[in-house]
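Here the structure is laid out as structure tokens; the discussion comes afterwards.
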Amino acid sequence: MLKNNPVMKKLVETGEERIGKLAQQLLSNEKFVTAVQTLVSRSLAAKGTLDSALRTALSAANLPSTADLEQLRSKVDDLERLLSSVEGKVDTLLASKAPQKK
């Protein structure tokens, strides 16, 4: 109902134009872009520091980290594949040794 309203259409178009112009002005402002880049860089550095501190805390509490769990999951997956392969070979061997019905 509101989508077909010409006044609403005009308001949406005007809003989109103004937001586009504002975004264009911000992105063309070198200080703004530099500030955003600095913010992102510092955020990534803080995340790295937090991750390191978390790993240290987990290790001190004798708890596994996410990397430890991923490594364990990978080993379990490898073991599942190996077991499946062994099961297949055993099934084939048993089928070949089974007495054949006449």
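Quantities reported herein were computed from a predicted structural model and do not represent experimental measurements.
Side-chain contact check for T14 versus R18: some heavy-atom pair is nearer than 4.5 Å.
Interatomic distance, OG1 of T34 versus CG of L39, reported as 12.5 Å (0.5 Å rounding). Going from atom CD of E16 over to atom CG of L11 covers 11.0 Å, rounded to the nearest 0.5 Å. Separating the NZ atom in K21 from the CD atom in E17 is a distance of 6.0 Å, to the nearest 0.5 Å.
Salt bridge present: R81 and D78 bring a charged side-chain N and a carboxylate O closer than 4.0 Å. Using a cutoff of 4.0 Å between basic side-chain nitrogens and carboxylate oxygens, D77 and R73 are not scored as salt-bridged.
A donor-acceptor contact shorter than 3.5 Å is absent between the side chain of S59 and the backbone of R55. Side-chain atoms of S52 never come within 3.5 Å of backbone atoms of T49 as a donor-acceptor pair (strictly under, hydrogens ignored). For the pair S41 (side chain) and Q37 (backbone), a donor-acceptor distance under 3.5 Å is absent. A donor-acceptor pair under 3.5 Å is absent between the side-chain atoms of S84 and the main chain of E80, judged by distance alone.
Cluster annotation: L69 is not connected to L54 through the hydrophobic network of ILVMFWY side chains, with a link wherever side-chain heavy atoms come within less than 4.5 Å. Transitive grouping of hydrophobic side chains (ILVMFWY, heavy atoms separated by less than 4.5 Å) keeps V90 and L83 in distinct clusters. L58 and L50 are members of different hydrophobic clusters when ILVMFWY side chains are connected at heavy-atom separations under 4.5 Å.
N5 and V7 make their closest contact through OD1-N, 2.9 Å (heavy atoms, listed as atom of the first residue, atom of the second, distance). Nearest heavy atom pair, residue L27 against residue V33, reads O-CG2, 3.4 Å.
Residues D68 and S65 bring a donor and an acceptor atom of their side chains to less than 3.5 Å of each other.
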